[in-house]
Asks: 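To start, I am sharing the structure in question, which I have written as structure tokens.
Scope of the values below: all heavy atoms of this structure, side chains included, with no hydrogens, waters or symmetry mates. Just so it is clear: chains get the letters A, B, ... in the order the sequence lines come, proteins before strands, and each one is counted from 1.
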Protein chains: 2
Amino acid sequence: MSLLKAFDINHLKVSCTKCNLRELCFPHGMAEDDMSNLESVVDQPKPIHKNEYLYRDGDEAKALYAVRSGCVKTMAESSNGEEQIVGFHMPGELFGLDGFAEGVHTCNAVALETSSVCELPLNKLEMLCHELPGLQKQMRRIMGKEVSSDHRLLLLLGKMTSEERLASFLLSFSRRMQERHWKEDEFNLMMPRQDIANYLGMAVETVSRLFASFQNDGLIKVDRRHITILDMNQLKVMVGECENS
Amino acid sequence: MSLLKAFDINHLKVSCTKCNLRELCFPHGMAEDDMSNLESVVDQPKPIHKNEYLYRDGDEAKALYAVRSGCVKTMAESSNGEEQIVGFHMPGELFGLDGFAEGVHTCNAVALETSSVCELPLNKLEMLCHELPGLQKQMRRIMGKEVSSDHRLLLLLGKMTSEERLASFLLSFSRRMQERHWKEDEFNLMMPRQDIANYLGMAVETVSRLFASFQNDGLIKVDRRHITILDMNQLKVMVGECENS
DNA sequence: GATAATAATTGACATAAGTCATGTCTTTTT
DNA sequence: AAAAAGACATGACTTATGTCAATTATTATC
């Protein structure tokens, strides 16, 4: 590859219209025209390394982010320094909406592995919203989705046993794999047990024991972070999504 | 009062500009002009009785709501019928944003006592947003606020002991009283113990015991639903908001 | 390629908080 | 005014999970 070509890469515009994540990401359901306009404000995907912070609690909110590859976790921080993971964001998923209230982020965003994220600068996004009614609607949908997903997590933390929580986590993960046209019953978790435990509001040891117990009961096969779901139906029964025994 | 006057009341327009909740509610921080425009789309406050549903999970999302008087709780419902209260909404506070994702509500809204709510129809709000850039920004702020408040609750459910949860609940309540220029150290809770327990993810008995224990420790005085805060500072220490013993 | 550091598992034990049961005090109904 | 229903409190007991500690992988470092 010539030096010139290597240089060119940095000047390539993002193409939402050609991105294979467009059906999952911001553009989902948007008109072709609006999508083209959108890509003109999206900054070149930014690579971030494992454990690197994209933003921190208190930072000025400059953009909305979309995961292009890898995985990013967002976590809320309490006054006494404790952290609660509020989301794991997979390719095509958006995050950073917490900064919309006061223009300042209220949580931390950290890469779980080397990842790349598209940045949608808020000022440009705002301007574009004035011109494109479709984009405005899209924004509302995205925020609504965030609220709904937070509610689901509240229900999980407030009302479920740890067994139900882990089952629910695995099912949600599987569903998102499926959305991405990856295997829904065999995947690698990109987060350590510690993070799963934190997210589900329990101790690491409990996560370990539950993985072992699920495996024992023939629901899943666990090999480190590689999970194979053997009895999807039974998992659904556990979280009340499915009536049959 | 003449019959004519009684009739007229039903045709009075809402006045956001004159509402004494405007600094807490949707108009907060908006230009005078935008506010006048806003009030033209707000429907006449609707009275709802205690335990009456304003909307249910699955209902079409027709409006955004603002509490005018009383108190409304919103609760997420799981597939197996369990409910998690995700918010208690006091005068000046907004709710109903959960319906923005797919145009369908994903939780239930129920009045805790006889209440009155302003309705902001989504279609009118949408149209108005095209004309008023300020309104658009306001919408984003409101949604951001909702996300932040959900995160705070996630932190509470995921990481706090029940003692910390109740302390946190009382402090948040007190703060909201203060915002409304009511007594911050003496107030009536408008929800039964059962609802507090549900919201904080614990059993009613635990709430009762904690109220008793807080009273014993001289932190608060409890008389049924009437609470007097005696040692605000110590409550803050409990949730890590304050360093001094 | 050995050594250290990190991540995950497993067992023994402790405990915070739940469940069950009973009783009191309000509030509503008749 | 009595009775019934609902809300709240309190004690006894249970249990789901957390905590602590030791062990075994895995991955990173020199």
Asks: Report the residue (A:D223 or A:T161) whose heavy-atom-nearest nucleotide on DNA chain D is the more 5′ of the two.
Replies: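 Closer to the 5' end of DNA chain D: A:T161.
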
Asks: What's the CZ-C1' distance between B:R193 and C:dT27, to the nearest Å?
Replies: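 Computing the B:R193:CZ to C:dT27:C1' distance gives 16 Å.
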
Asks: Looking only at the side chain of B:P192 (C-beta and beyond, no hydrogens), which of the listed nucleotides D:dT17, D:dC8, D:dT26 gets closest?
Replies: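 Shortest atom-to-atom distance from the side chain points to D:dC8.
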
Asks: To the nearest Å, how far apart are B:I196 CD1 and D:dA7 C1'?
Replies: 12 Å

Asks: Please report, rounded to the nearest Å, how far the C1' atom of D:dT17 is from the CG atom of A:L200.
Replies: 14 Å

Asks: Measure CE/B:M191 against C1'/D:dG6 and give the value in whole Å, please.
Replies: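 Taking atom C1' of D:dG6 as the reference, CE of B:M191 is at 18 Å.
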
Asks: Can you confirm whether B:K159 is buried at NZ, in the sense that more than 12 heavy atoms of other residues, nucleotides or ligands lie under 6.0 Å from that atom?
Replies: yes

Asks: Using a heavy-atom cut-off of 4.0 Å across all strands, would you classify A:R165 as base, sugar-phosphate, or nothing?
Replies: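 The answer is nothing, as A:R165 stays clear of every strand by at least 4.0 Å.
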
Asks: Any residue in residues 206-216 of chain B with a heavy atom nearer than 4.0 angstrom to DNA chain C? Just list them by number, or reply none.
Replies: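 Correct list: B:T206, B:R209.
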
Asks: Between B:M202 (CE) and D:dA16 (C1'), how many Å, whole number?
Replies: 17 Å

Asks: So if I take every side-chain heavy atom of A:R225 and compare against D:dC8, C:dA7, C:dG18, which nucleotide ends up nearest?
Replies: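 Ranking D:dC8, C:dA7, C:dG18 by closest atom to the A:R225 side chain puts C:dA7 first.
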
Asks: Once hydrogens and angles are ignored, does a donor-acceptor distance under 3.5 Å link the base of D:dC20 to the side chain of A:E205?
Replies: yes

Asks: Taking atom types as modelled, is there a side-chain donor on B:D98 or B:Y55 under 3.5 Å from an acceptor on the other?
Replies: yes

Asks: Without decimals, in angstroms, what is the distance between B:L189 CG and D:dA7 C1'?
Replies: 14 Å

Asks: Does either side chain, that of B:E60 or that of B:H105, offer a donor lying less than 3.5 Å from an acceptor on the other one?
Replies: no

Asks: Whole angstroms only, please: what is the CD-P distance between B:Q194 and C:dT19?
Replies: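 Between P of C:dT19 and CD of B:Q194: 11 Å.
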
Asks: What is the distance, to the nearest angstrom, from the NZ atom on B:K159 to the C1' atom on C:dA16?
Replies: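 Between C1' of C:dA16 and NZ of B:K159: 16 Å.
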
Asks: Does B:E93 come within less than 4.0 Å of B:K145, counting only side-chain N to carboxylate O?
Replies: no

Asks: Give a yes-or-no answer on whether the side chains of A:N108 and A:E77 include a donor-acceptor pair shorter than 3.5 Å.
Replies: yes

Asks: Over all heavy atoms of both residues, which pair between B:P91 and B:R68 is shortest? Give the atoms and the distance, please.
Replies: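 The answer is CB-O, 3.6 Å.
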
Asks: Verify the distance criterion only: is there a donor paired with an acceptor across the side chains of B:H151 and A:Q84 at less than 3.5 Å?
Replies: no

